[in-house]
Amino acid sequence: MKIVKGINELKGYLVDSKRNGKRIGLVPTMGALHKGHLSLVERCVRENDICVVSVFVNPTQFNDKHDLETYPRTLEADCALLESAGCDFVFAPSVEEMYPEPDTRTFDFGTVMQVMEGAKRPGHFNGVAQVVSKLFYIVEPDNAYFGEKDFQQIAVIRAMVKQLQIPVQINACPIVREADGLALSSRNTRLTPALRQKAPLIARTLQESKALAATKSVREVIDYVVNTLNADPDLEVEYYEIVDGDSLVSIQDWKDTSYAVGCVTVYCGEVRLIDNIKY
Ligand code: PAF
């Protein structure tokens with residue numbers, strides 16, 4: 001496995017592989033890797049000849065300076081995990097390498113970018129689109145892999161490749177969970193032991209709401225999730241929306257879509273956690 005910091009160096013390694021018709025897979029990450037990321041990397045290794053994993057904490061997608069500064073940076077440990085998962089290239093550029101000058105591009109992908117996380121974290125998805133489009137231009141992957149925990153991010157990236165006509169297959173990979181149901185996230189390490197005990201209530205409540213969906217209205221299911229989670233003094237729901245899984249438009253009635261997805265953001269103490277469920 002090679003650890004590469006420079007764009008031209010990486011392109012130099014990949015050019016022959018491309019010429020020889022090798023399939024290239026990319027897993028974009030911000031590091032602090034866990035089993036969720038590794039499931040993407042393992043799939044990327046299985047389905048491609050060359051697996052590239054980018055590790056880059058992208059400043060343009062953080063709308064909170066403190067969050068950017070405290071984001072865990074663990075490149076050495078990440079590389080050890082990636083090597084054992086069969087990754088071929090770790091692309092770990094500096095901020096200057098990725099942004100030699102400010103990225104002034106502003107994207108508009110419509111609803112998928114405006115609702116939920118888009119509304120709560122202004123500029124976040126624009127930053128994601130900036131960095132992921134750059135990564136796609138640099139690596140030119142056949143396949144790219146993203147985790148479904150960030151359900152909305154996948155919709156934004158699909159809209160981006162369509163609008164920018166980037167020829168890459170976007171592969172969505174299922175959420176990996178702890179034994180108690182908590183969705184794996186780099187942010188989980190910020191939970192105190194007491195809050196770590198509380199956090200699985202999020203996944204448990206979503207599962208319970210799935211059973212209710214057979215007999216209750218969309219409104220009743222939303223109220224159930226919000227009220228159950230807010231009843232715990234350590235949890236505070238920022239939003240819970242049930243949307244069409246493709247357009248991300250909120251549904252009012254189960255009949256509005258055959259692909260309903262519930263997306264939740266919950267503060268667990270100070271830690272902002274997201275999760276989702278398919279109904
Ligand atoms: O999901 C993430 O970790 C990031 O948003 C991504 C896709 C690596 C872009 O920085």
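Please read these numbers as outputs of a predicted model, since none were measured by experiment. Just so you know, residue 1 is the first one in the sequence shown, and it goes up from there. All ligand and atom numbering here is 1-based and tracks the order in the structure.
- The hydrophobic cluster containing Val55, built from Ile/Leu/Val/Met/Phe/Trp/Tyr side-chain heavy atoms closer than 4.5 Å, also comprises Met1, Ile3, Val27, Leu33, Leu38, Leu40, Val41, Val45, Val53, Leu75, Leu81, Leu82, Val90, Tyr145.
- The pair Glu9-Lys2 fails the salt-bridge criterion, with no side-chain N (NZ, NE, NH1 or NH2) lying under 4.0 Å from an Asp/Glu carboxylate O.
- At distances below 3.5 Å, at least one donor-acceptor pair connects side-chain atoms of Gln152 with backbone N or O atoms of Val112.
- Taking the side chain to side chain contact (heavy atoms under 4.5 Å, CB included) definition, one finds that Asp253 meets it with Lys255, Asp256, sequence neighbours left out.
- For the side-chain hydrogen bond (donor to acceptor under 3.5 Å, both in side chains) condition, the pairs that include at least one residue of residues 100-114, sequence neighbours left out, are Asp103-Arg105, Arg105-Ser133.
- Between Phe62 and Tyr71, a ring centre-to-centre spacing shorter than 6.0 Å is recorded.
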Show me the short polar-atom pairs for ligand 1: any N or O of it lying under 3.5 Å from a protein N or O, with distances only.
{"unit_1": "ligand 1", "atom_1": "1 (O)", "unit_2": "Gln153", "atom_2": "NE2", "d": "2.8"}
{"unit_1": "ligand 1", "atom_1": "5 (O)", "unit_2": "Gln61", "atom_2": "NE2", "d": "2.9"}
{"unit_1": "ligand 1", "atom_1": "5 (O)", "unit_2": "Gln153", "atom_2": "OE1", "d": "2.7"}
{"unit_1": "ligand 1", "atom_1": "10 (O)", "unit_2": "Gln61", "atom_2": "OE1", "d": "2.6"}

